[in-house]
Amino acid sequence: MHKKINYVSLFDMFFFVHLLSKYVLFKKSSSLRLPPGPRPWPIVGNLLQLSQGGANLHETFAKWGKQYGPLFYLRLGSVHTVVASSPAMVKEFLKTHDQQFYYRPIQTMFCEIVFASHGIVFAEGGPMWRYLRKICITELFTVKRLQSFEPMRTKEICSMLNNIHMENEEGKVVNLNFHLTCLVNNIITSTLFGKKFYGVEESGETDALQFKQILEDVNHWFVTLIISDYIPSLRWVARLQGIEAALLKLQQRKSQFVQKLIKEHKSSMATTDQDSGNKNTTNKPKDFMSVLLSAPREDGTGNMDDETIECVVMELLAAGTETSMYTIEWGLSELIRSPVVMKRVQTELETVIGTNRLVEEADLPKLTYLQAVVKETFRLHPPAPLLLPHGSLDETCQIAGGYDIPPRTKVMVNMWAMGRDPSIWERPLEFYPERFLQQQQDSEAHKYDLQPNLLQQQHPTVDKTVDATKNVDVKENTFEHLPFGSGKRSCPGRPMGNMVVEIVLARLLQAFNWELPNKQDPKTLDMTEKFGGVIHRAQPLQVRAYLKLPAHLLK
Ligand code: HEM
């Protein structure tokens with residue numbers, strides 16, 4: 001009994017000291033003019049309210065945005081957080097004060113251990129991050145480099161089309177999610193390491209199996225809420241729960257896997273150099289890992305170190321795969337639900353490309369309606385609904401409205417809420433690509449509308465004359481539509497991500513007619529979302545695909 005009382009008083013003392021330290025910390029911020037927001041609880045702040053009702057984070061934030069305004073404040077444990085959800089507020093952070101808010105000051109245990117926070121995505125900022133972004137833009141995502149991988153992409157897409165066709169011939173329902181996972185992973189890893197891991201030999205402890213397991217674990221931990229990320233004094237809890245050990249083990253597995261690839265690359269580069277006197281004599285495109293291995297260090301002395309390369313390639317893999325593949329799945333889901341829009345995009349493909357050859361990447365600029373379909377998909381289903389967190393480092397910043405943003409505040413942008421905001425978009429919940437077409441492009445698209453009145457029948461409420469005046473560039477310049485972010489932290493992989501989404505969708509639509517299994521009414525297709533780092537369909541898309549091109553074109 002005596003012992004128990006001692007424990008209780010010890011706990012009380014710990015609790016009191018904890019509260020006192022929080023009080024001292026937040027006394028300072030209470031003199032600041034913070035944006036409005038829900039009332040925080042002691043210690044945990046608004047953390048518990050986040051999970052109330054089981055809604056996805058971006059949905060909860062959209063609800064609070066309506067209640068508290070386009071900029072609201074939360075305290076998540078000890079982490080100051082603000083959420084912006086109007087073009088004017090987003091412009092404040094991504095343009096007007098981009099110089100102060102381009103940092104990623106909030107590091108989670110996952111980023112710290114698994115990515116060591118010294119690549120691009122999770123790096124706070126600084127000269128190394130700037131240098132790596134420069135390499136992305138001048139070396140990796142150039143038109144020339146991306147074009148050099150076109151034959152690989154064409155081959156992979158054709159192989160997927162063939163597999164889908166064969167499954168359908170056997171009377172099977174096609175799980176599109178499965179096919180897209182294989183395809184997009186193979187495209188990205190072939191670009192990054194010159195290797196693919198899906199659809200290859202899978203018996204035993206193969207590279208493919210290891211790769212998939214690592215990727216699964218990285219995705220799992222990326223979205224797992226670890227309490228000590230918000231209440232750092234509870235790090236010992238993460239230790240006791242074995243979280244820290246699990247993350248360290250994942251880091252080692254990831255490191256061993258990528259280091260093996262780096263070793264293979266170094267020895268094949270050495271052989272090529274010996275054979276050809278420093279000239280690349282093979283027709284194989286130079287993958288990103290080879291480019292990074294021959295890139296100089298930031299200070300110009302020697303080559304970049306292996307740890308940085310390891311970090312960068314894994315980040316590119318994590319950033320580039322699910323974003324692209326889920327967009328394609330959402331796009332096709334929306335088109336199946338809107339037969340008139342589906343008809344228009346397929347007619348555009350028939351008219352511009354014909355039926356004697358498959359659409360190629362060089363054709364994409366001519367397919368204006370397809371581009372509008374992709375933009376409309378990003379509007380309703382931005383893969384990163386809250387972008388990635390931004391923030392300032394050590395200074396308090398004053399922004400429009402007279403609000404103070406304390407140092408190291410996590411700044412989130414609710415792109416998902418903006419995409420569905422009726423004050424920005426007319427009839428925001430309708431899938432209506434025409435809203436992105438300029439007037440002259442719009443009349444072009446009408447060429448492909450076989451029955452002009454059908455669109456109005458399907459969307460009786462849509463007033464085309466109003467929406468047709470809008471175009472996507474205006475929407476980006478006015479900070480209304482930014483699926484790739486904007487400013488210093490905007491997505492460097494955009495040229496690749498956008499192109500992969502467009503070409504895969506174009507080929508799927510050109511090659512097949514799509515239906516739901518068992519003659520299910522398209523309007524009843526379940527569109528429930530799940531947030532797991534990237535927004536994806538709660539239920540993978542299951543479809544029937546009927547070939548509409550000669551089968552030999554898929555070879
Ligand atoms: C549909 C495709 C994609 C979408 C929608 C997308 C979207 C985004 C968004 C919203 C951000 C955060 C911007 C911010 O913090 O404000 C981002 C960052 C990033 N993305 Fe993408 N992305 C896509 C594809 C790719 C691809 C294919 C790659 C590379 C293979 C890539 C590499 C990156 C990197 C490295 C960053 C971090 C930039 C930094 O922190 O400086 N992304 N992306």
Side-chain angles (χ1 to χ4, degrees), residues 58 84 90-91 93-95 98 101-107 111 115 117-137 139-142 145-146 149 153 180 184-185 187-193 287-289 291-292 308 311-331 374-375 377-391 410-416 418-419 476 479 481-505 533-536:
H58 52 278
V90 172
K91 191 175 172 193
F93 293 107
L94 302 190
K95 186 169 183 200
D98 193 20
F101 289 106
Y102 78 85
Y103 297 97
R104 297 217 197 279
I106 311 301
Q107 299 304 341
C111 303
F115 285 96
S117 307
H118 62 210
I120 308 174
V121 185
F122 302 115
E124 213 170 57
M128 189 61 185
W129 162 80
R130 207 167 295 124
Y131 176 64
L132 290 172
R133 272 194 73 102
K134 192 173 147 206
I135 293 192
C136 279
I137 290 155
E139 295 285 340
L140 303 184
F141 297 106
T142 60
R145 176 94 48 217
L146 292 180
F149 290 99
R153 285 190 293 268
L180 291 174
V184 178
N185 267 292
I187 289 181
I188 303 268
T189 56
S190 302
T191 312
L192 293 176
F193 325 127
D287 59 55
F288 286 13
M289 189 178 260
V291 176
L292 292 169
T308 305
C311 213
V312 172
V313 289
M314 279 313 278
E315 282 188 347
L316 293 178
L317 181 68
T321 314
E322 293 199 338
T323 42
S324 311
M325 106 193 200
Y326 287 130
T327 306
I328 303 166
E329 198 185 14
W330 279 119
V374 170
K375 281 161 189 161
T377 306
F378 279 133
R379 179 182 70 82
L380 281 171
H381 308 283
L386 301 168
L387 303 186
L388 286 170
H390 285 226
K410 193 170 184 169
V411 176
M412 300 212 227
V413 168
N414 198 343
M415 202 45 69
W416 182 88
M418 281 172 40
E476 287 201 16
F479 292 81
H481 182 67
L482 302 167
F484 294 92
S486 177
K488 289 187 192 302
R489 278 282 177 175
S490 64
C491 174
R494 178 178 182 158
M496 180 173 173
N498 206 48
M499 188 261 291
V500 168
V501 171
E502 284 184 5
I503 190 64
V504 175
L505 204 53
V534 170
I535 305 185
H536 54 90

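One-based numbering, in listed order, for ligands and for the atoms of each. Here, residue 1 is the first one in the sequence, and each next residue gets the next number.
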Here the atoms of ligand 1 under 4.0 Å from any heavy atom belonging to Phe378 are 1 (C), 5 (C)
**Prompt:** Measuring from the heavy atoms of Phe141, does anything fall under 4.0 Å of ligand 1?
**Reply:** yes
Do Leu180 and Tyr326 have side-chain heavy atoms sitting under 4.5 Å apart?
no
Could you check, using the six-membered ring where one of them is a Trp, whether Tyr102 and Trp129 have ring centers closer than 6.0 angstrom? yes
- Message: Please determine whether side chain to side chain contact (heavy atoms under 4.5 Å, CB included) holds for the pair Val90 and Met418, giving the CA-CA distance in whole Å, both sets of side-chain angles, and the decisive distance to 0.1 Å.
- Response: CA-CA 10 Å; Val90 172; Met418 281 172 40; 3.6 Å; yes
- Message: Looking at Val534, is its backbone amide N or carbonyl O close enough to the side chain of Glu322 to form a donor-acceptor pair, meaning the two atoms are under 3.5 Å apart?
- Response: no
protein heavy-atom neighbour closest to atom 10 (C) of ligand 1 works out as Pro483 O, 3.3 Å
Practice prompt. Using atom types as modelled and distance alone, determine if a side-chain donor or acceptor of Asp287 lies under 3.5 Å from a backbone N or O of Ser190.
Written response: no
So, regarding Arg133 and ligand 1 (criterion: nitrogen or oxygen to nitrogen or oxygen, under 3.5 Å), is there a contact or not? yes
Give a yes or no on whether the ring-centroid distance for Phe141 and Phe288 is below 6.0 angstrom. yes
Task: Ionic contact status for Glu502 with Arg494, cut-off 4.0 Å - done: no
### Side-chain heavy-atom pair Thr308, Leu292 within 4.5 angstrom cut-off
no
Looking only at non-hydrogen atoms, the one of Leu316, Leu317, Val534 nearest atom 30 (C) of ligand 1 is Leu316
Q) Between Leu140 and Met496, is any pair of side-chain heavy atoms under 4.5 Å apart? A) no
A correct count of protein N/O/S atoms found below 2.8 Å of atom 21 (Fe) of ligand 1 gives 1
The protein heavy atom nearest to atom 13 (C) of ligand 1 is Arg489 O, 3.3 Å
Looking only at protein heavy atoms, what sits closest to atom 16 (O) of ligand 1 is His390 NE2, 2.7 Å
Exercise for the section: Using non-hydrogen atoms of the residue, decide whether Arg104 is closer than 4.0 angstrom to ligand 1. Expected result: yes
The atoms of ligand 1 lying under 4.0 Å from a heavy atom of Leu387, numbered in the order shown, are 10 (C), 16 (O)
So OG1 of Thr191 and CG of Leu316: to nearest 0.5 Å the spacing works out to 10.5 Å
In ligand 1, the atoms that come under 4.0 Å of a heavy atom of Trp129 are 39 (C), 41 (O)
Note: ligand 1 atoms sitting under 4.0 Å from heavy atoms of Pro383 are 5 (C)
(request) Indicate yes or no for a side-chain donor-acceptor contact from Glu124 to the backbone of Arg104 under 3.5 Å, with no hydrogens or angles considered. (result) no
- prompt: For the residue pair His390 and Phe101, is the inter-centroid distance of their aromatic rings smaller than 6.0 Å?
  reply: no
Q.
Measuring from non-hydrogen atoms of Glu315 to any atom of ligand 1, is the shortest distance under 4.0 Å?
A. no
Are any of the N/O atoms in Thr327 less than 3.5 Å from those in ligand 1?
no
